[in-house]
Amino acid sequence: MPELPEVETSRRGIEPHLLGRRIEQLEVREPRLRWPVPPDTAERVAGQRILALRRRGKYLLCDLAQGVLMLHLGMSGSLRVLPTRTAPGAHDHIDLHLSDGQCLRFRDPRRFGMLQWTAAPAEAHPLLRALGPEPLEPAFSGAYLHQRARGRRASIKTFIMDSHVVVGVGNIYANEALHLARIHPNRAAGRISGARLAVLVRAIRDVLAAAIAQGGTSLRDFVREDGKPGYFAQSLRVYGRAGQPCPRCGGHIHQRRIGQRSSFYCAACQR
DNA sequence: CCGGACGCCTGTCGGC
DNA sequence: TGCCGACAGGCGTCCG
């Protein structure tokens, strides 16, 4: 599921339920995620107050009095806030029981997600240290992308999906942003002008901001903390629309694999 | 350093 | 109806 808009939607949804609450207990029913949940995680966080809930790329960072609880939703993860007594389903792997009788429940059918405690600052964690800039912040500029793209022969789509270049852009929004910017997804990153990369930066910002405003995209697994879907799926211009007409020029939307990922584009207006 | 392929998992869908 | 392969929103690791 979750690209930046879905993680940010989750963050905003759960934040009011977590802030200032104490962690009564961390219940791990299934520790076998992308990386196994370390056995001492529950005792590291038990009794601690939640001071802040932040997002870095697709990671959620829960600041505690001691250290930080890191959470990644992987491909199929979602978070719900529920009464603690609610019976868990088959893929409800983790419950964070809160001091007010609610719990934060992590569901992840494919188990590509992660949960682990780390000492502050979380930014020093090996998985976060080398991440690129946040796409909605000023450091992600046309000049930055142009400089990073210099000499790179990888396709622009693969390039913007690389979290070391810019965080948060996954397969859906890479396709959408490239369509908005009229750039063919298979064009070599290093062979695109600075002016066009500046347009792409704006397109990435616009599509992510619009998706956040709609509560993200729900295709399969993603739901908000209250169980409702996000509504951006209806705004998708090319993703999942192979064979349909391009909303800009009426051309044919193609689908092909680029970098092992399904890619959608209009060959008429994306160059 | 770079680019491409490969796993890790489960669920679903289309074709035969 | 059942089986089987392909595919699905991520990403670290390995290899050439």
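The basis for the numbers below is simple: all heavy atoms, side chains too, and nothing from hydrogens, waters or symmetry mates. Every chain is numbered from 1 and lettered A, B, ... according to where its sequence line falls, protein lines coming before strand lines.
Comparing dC7(C) with dA5(B), their P atoms sit 14 Å apart, to the nearest whole Å. Taking the P atom of each, dC3(C) and dC9(B) are spaced 24 Å apart, rounded to whole Å. Straight-line distance between the P atoms of dG5(C) and dG7(B): roughly 16 Å, to the nearest whole Å.
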For nucleotides 2-4 of chain B, give me every protein contact, N/O to N/O, under 3.5 Å, one pair per line with atom names.
| unit_1 | atom_1 | unit_2 | atom_2 | d |
| --- | --- | --- | --- | --- |
| dG3(B) | OP1 | R152(A) | NE | 3.4 |
| dG3(B) | OP1 | R153(A) | N | 2.7 |
| dG3(B) | OP1 | A154(A) | N | 3.0 |
| dG3(B) | OP2 | R152(A) | NE | 2.5 |
| dG3(B) | OP2 | R152(A) | NH2 | 2.6 |

Pairs: protein N or O with nucleotides 8-12 of chain B N or O, under 3.5 Å:
| unit_1 | atom_1 | unit_2 | atom_2 | d |
| --- | --- | --- | --- | --- |
| dC9(B) | O3' | R111(A) | NH2 | 2.8 |
| dC9(B) | O2 | R110(A) | NE | 3.0 |
| dC9(B) | N3 | R110(A) | NH2 | 3.4 |
| dT10(B) | OP1 | R111(A) | NH2 | 3.0 |
| dT10(B) | O4' | P109(A) | O | 3.3 |
| dT10(B) | O3' | H91(A) | NE2 | 3.4 |
| dG11(B) | OP1 | H91(A) | NE2 | 2.7 |

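Side-chain atoms of Q102(A) and R21(A), non-hydrogen and from C-beta on, never get closer than 4.5 Å to each other.
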So what does the secondary structure string of DNA chain B come out as, 5' to 3', with Watson-Crick or wobble pairs under 3.5 angstrom, [ ] for crossing and | for pairs with another strand?
.|||||||.|||||||
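Listed for the S218(A) side chain is no donor-acceptor partner under 3.5 Å among the backbone atoms of G216(A). In this structure, the side chain of R105(A) engages the main chain of T86(A) through a donor-acceptor pair within 3.5 Å. Distance alone, capped at 3.5 Å, is enough to place a donor-acceptor pair between the Q48(A) side chain and the Q66(A) backbone. Distance alone, capped at 3.5 Å, places no donor-acceptor pair between the E24(A) side chain and the H97(A) backbone. Side-chain atoms of E3(A) come within 3.5 Å of backbone N or O of I172(A) as a donor-acceptor pair.
What separates OH of Y239(A) from C1' of dG10(C) is a distance of 12 Å, to the nearest Å. The distance from atom CZ of R256(A) to atom C1' of dC7(C) is 18 Å, rounded to the nearest whole Å. Here dC11(C) presents its P atom at 12 Å from CZ of R56(A), a figure rounded to the nearest Å. The interatomic distance linking L71(A) (CG) with dG10(C) (P) rounds to 16 Å, in whole Å. For the pair R257(A) CZ and dG5(C) C1', the interatomic distance rounds to 13 Å; values are reported in whole Å. The interatomic distance linking M161(A) (CE) with dA8(C) (P) rounds to 11 Å, in whole Å. Between L60(A) atom CG and dG10(C) atom P the separation is 15 Å, expressed in whole Å.
For E134(A) and R55(A), the salt-bridge test passes: some basic side-chain N is under 4.0 Å from an acidic carboxylate O. Salt bridge K58(A)/E8(A): absent, no basic N to carboxylate O contact under 4.0 Å.
Remark: S262(A) is not in phosphate contact with dC7(C), judged by side-chain N or O atoms under 4.0 Å from OP1 or OP2. Distances shown here put every side-chain N or O of H72(A) at or beyond 4.0 Å from the OP1 or OP2 atom of dG10(C).
Side chains of E225(A) and S10(A): no donor on one and acceptor on the other come within 3.5 Å. With no hydrogens or angles considered, a side-chain donor-acceptor pair links H179(A) and R237(A) at under 3.5 Å. Side-chain atoms of N186(A) and H184(A) form no donor-acceptor pair, as typed in the model, at a separation below 3.5 Å.
A single hydrophobic cluster is seen to contain both V28(A) and V81(A), as judged by linkage of ILVMFWY side chains at heavy-atom distances under 4.5 Å, directly or through other members. Under a hydrophobic-cluster definition in which Ile, Leu, Val, Met, Phe, Trp and Tyr are linked whenever side-chain heavy atoms come within less than 4.5 Å, directly or via other members, Y239(A) and Y265(A) are assigned to different clusters. Cluster membership check: M161(A) does not share its hydrophobic cluster with F232(A), using side-chain heavy-atom separations under 4.5 Å among Ile, Leu, Val, Met, Phe, Trp and Tyr.
Nucleic acid contact for Y59(A): sugar-phosphate only, since backbone atoms but no base atoms lie under 4.0 Å from a heavy atom of the residue. Residue-level contact check: R261(A) touches the bases, meaning some heavy atom is under 4.0 Å from a base atom. Within 4.0 Å of Y173(A), counting heavy atoms only, lies no atom of the nucleic acid at all.
Using a 4.0 Å cutoff on non-hydrogen atoms, no part of residues 179-187 of chain A comes near DNA chain B. Within residues 200-208 of chain A, no residue has any heavy atom closer than 4.0 Å to DNA chain B.
The aromatic rings of F106(A) and H93(A) sit perpendicular, their planes meeting at an angle over 60°, well past the 30° parallel limit.
In the hydrophobic clustering (ILVMFWY side chains linked at under 4.5 Å, chained through shared members), L127(A) is joined by W35(A), Y59(A), L61(A), V68(A), M70(A), M114(A), L128(A), L131(A), V167(A).
The 12-atom threshold is exceeded at CZ of R29(A), counting heavy atoms of other residues, nucleotides or ligands nearer than 6.0 Å.
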